[in-house]
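To keep things clear, I will list the structure first and then write my remarks on it.
Owing to the predicted nature of the structure, the values given are computational and were not obtained by experimental measurement.
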Amino acid sequence: MQHDTMHHFSGDLSTLVMGYVVAVVGSLIGLACMARAGGEPHRAAKVRWTASGAFAIGGVGTWLVHFIAMLGFDVPGANVRYSAPLTALSAVVAIVVVGLGLSLVALFRFTRPRLLLAGVLTGLGVAGMHYLGMSAVRFRGTISHDPALVAASCLVAIVAATAALWFTLAVRTPSGSLAAGLIMGVAVTGMHYTGMAAVGVALDAEVPAPTGTAVFDLVFPVFVTSAVVVAVLLWVLLATGDDAVGEPA
């Protein structure tokens with residue numbers, strides 16, 4: 001198949017920088033929620049903090065980063081549109097699967113096999129969100145993927161997510177939390193651009209004109225929703241700071 005030209009940084013590298021910063025911020029908030037979950041004596045509180053962590057890491061630190069990175073995606077000569085339902089579904093998948101991974105280390109007794117399983121689930125949640133999000137892309141042509149690079153992108157996500165979870169559990173210092181957030185930022189952005197390196201596009205004039213939403217029409221609702229999530233999570237973390245003192249169960 002003849003592949004046509006595409007751009008991942010149309011304009012400049014600002015989408016890469018912005019995406020990495022958002023990935024780190026979302027991850028830091030999520031990992032802070034996980035630290036709170038580990039210090040809670042009651043299971044119900046652990047579940048609430050774990051759910052908050054899933055929204056921060058899966059929703060903000062993962063899905064929003066994919067969305068930001070896709071602002072730089074362009075196929076010259078093609079009118080690119082997105083399926084809004086599939087885009088929204090990819091956010092749900094990221095939050096739910098990442099939440100399952102986080103639950104394994106927050107709600108059950110720590111073991112190395114459980115940590116590895118949590119890392120696999122969290123990493124696959126990140127990767128699954130990416131490829132589901134890519135399936136939402138519409139243009140007059142087709143998208144193909146290099147299987148080896150797809151596998152590499154999943155491996156990047158799994159290894160980095162596992163390392164970040166280990167940092168969260170093993171290191172209880174601000175520097176350790178920062179390192180975990182930086183690693184998760186690498187997991188998300190590294191997985192995204194490795195996955196995008198696997199993409200090939202082929203324009204086809206016989207394909208019907210795409211229907212769907214232009215990426216910039218999604219910007220306002222996506223960023224407003226994400227800002228509200230971040231603000232609420234930060235408020236909860238700060239408001240409960242003095243009360244979240246306890247021994248890990």
Side-chain angles (χ1 to χ4, degrees), residues 1-24 26-27 57-58 61-78 80-83 86-87 89-98 101 116-165 182-204 207 210 212 215:
M1 177 184 292
Q2 179 66 43
H3 285 177
D4 290 283
T5 301
M6 61 182 166
H7 298 148
H8 298 305
F9 306 103
S10 59
D12 53 38
L13 293 177
S14 61
T15 51
L16 170 61
V17 175
M18 187 187 307
Y20 180 73
V21 170
V22 171
V24 172
S27 298
I57 295 175
T62 298
W63 180 76
L64 180 57
V65 172
H66 171 82
F67 187 87
I68 290 171
M70 291 306 290
L71 292 175
F73 177 74
D74 182 48
V75 180
V80 179
R81 290 289 184 267
Y82 292 83
S83 166
L86 277 177
T87 301
L89 179 61
S90 67
V92 174
V93 168
I95 293 169
V96 170
V97 180
V98 169
L116 292 175
L117 180 57
V120 169
L121 276 175
T122 304
L124 289 180
V126 172
M129 175 281 309
H130 170 83
Y131 290 106
L132 182 57
M134 287 304 297
S135 72
V137 177
R138 302 284 186 267
F139 64 97
R140 299 190 75 174
T142 57
I143 289 180
S144 60
H145 291 88
D146 182 317
L149 286 174
V150 169
S153 70
C154 294
L155 184 61
V156 168
I158 290 170
V159 171
T162 303
L165 289 173
L182 294 173
I183 291 171
M184 280 298 289
V186 171
V188 176
T189 54
M191 181 283 307
H192 175 86
Y193 287 107
T194 304
M196 293 307 291
V199 172
V201 298
L203 299 178
D204 185 350
V207 173
V215 66

Atom pair [atom1]/[atom2] of [X] and [Y] - distance to nearest 0.5 Å:
| X | Y | atom1 | atom2 | answer |
| --- | --- | --- | --- | --- |
| L89 | L132 | CG | CG | 5.0 Å |
| T122 | L117 | OG1 | CG | 9.0 Å |
| L182 | Y20 | CG | OH | 4.5 Å |
| I158 | L124 | CD1 | CG | 4.0 Å |
| I57 | I95 | CD1 | CD1 | 11.5 Å |
| S153 | M196 | OG | CE | 11.0 Å |

[X] to [Y] - nearest heavy-atom pair and separation:
| X | Y | result |
| --- | --- | --- |
| A202 | F139 | O-CE1, 4.2 Å |
| A161 | M184 | CA-SD, 3.8 Å |
| G185 | S27 | N-OG, 4.3 Å |
| A118 | G101 | CB-O, 3.2 Å |
| A157 | G123 | CB-O, 3.5 Å |
| A78 | L203 | CB-CD2, 3.7 Å |

Item checked: Working for side chain to side chain contact (heavy atoms under 4.5 Å, CB included), residues T162 and V120 -> CA-CA 7 Å; T162 303; V120 169; 5.5 Å; no
Checklist line | Any side-chain heavy-atom pair of R140 and P210 under 4.5 Å | finding: yes
Next item on the list: List the steps, then state whether side chain to side chain contact (heavy atoms under 4.5 Å, CB included) holds for M134 with V137.
Entry: CA-CA 6 Å; M134 287 304 297; V137 177; 4.3 Å; yes
Checklist line | Set of side-chain contact (heavy atoms from CB on, under 4.5 Å) partners for V65, sequence neighbours left out | finding: V22, A23, V188, T189
Note to self: Using the side chain to side chain donor-acceptor pair (under 3.5 Å) criterion, which residues pair with T87? Sequence neighbours excluded.
What the structure shows: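 Partners of T87 under the side chain to side chain donor-acceptor pair (under 3.5 Å) test: none.
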Next item on the list: Write out all pairs satisfying ring-ring contact (aromatic ring centres under 6.0 Å, His included) with one or both partners inside residues 117-136, taking only residues at least two apart or from two chains.
Entry: H66-H130, H130-H192, Y131-H145
Note to self: The test is side chain to side chain contact (heavy atoms under 4.5 Å, CB included); show your working for M70 and V80 and say whether it passes.
What the structure shows: CA-CA 11 Å; M70 291 306 290; V80 179; over 6 Å; no
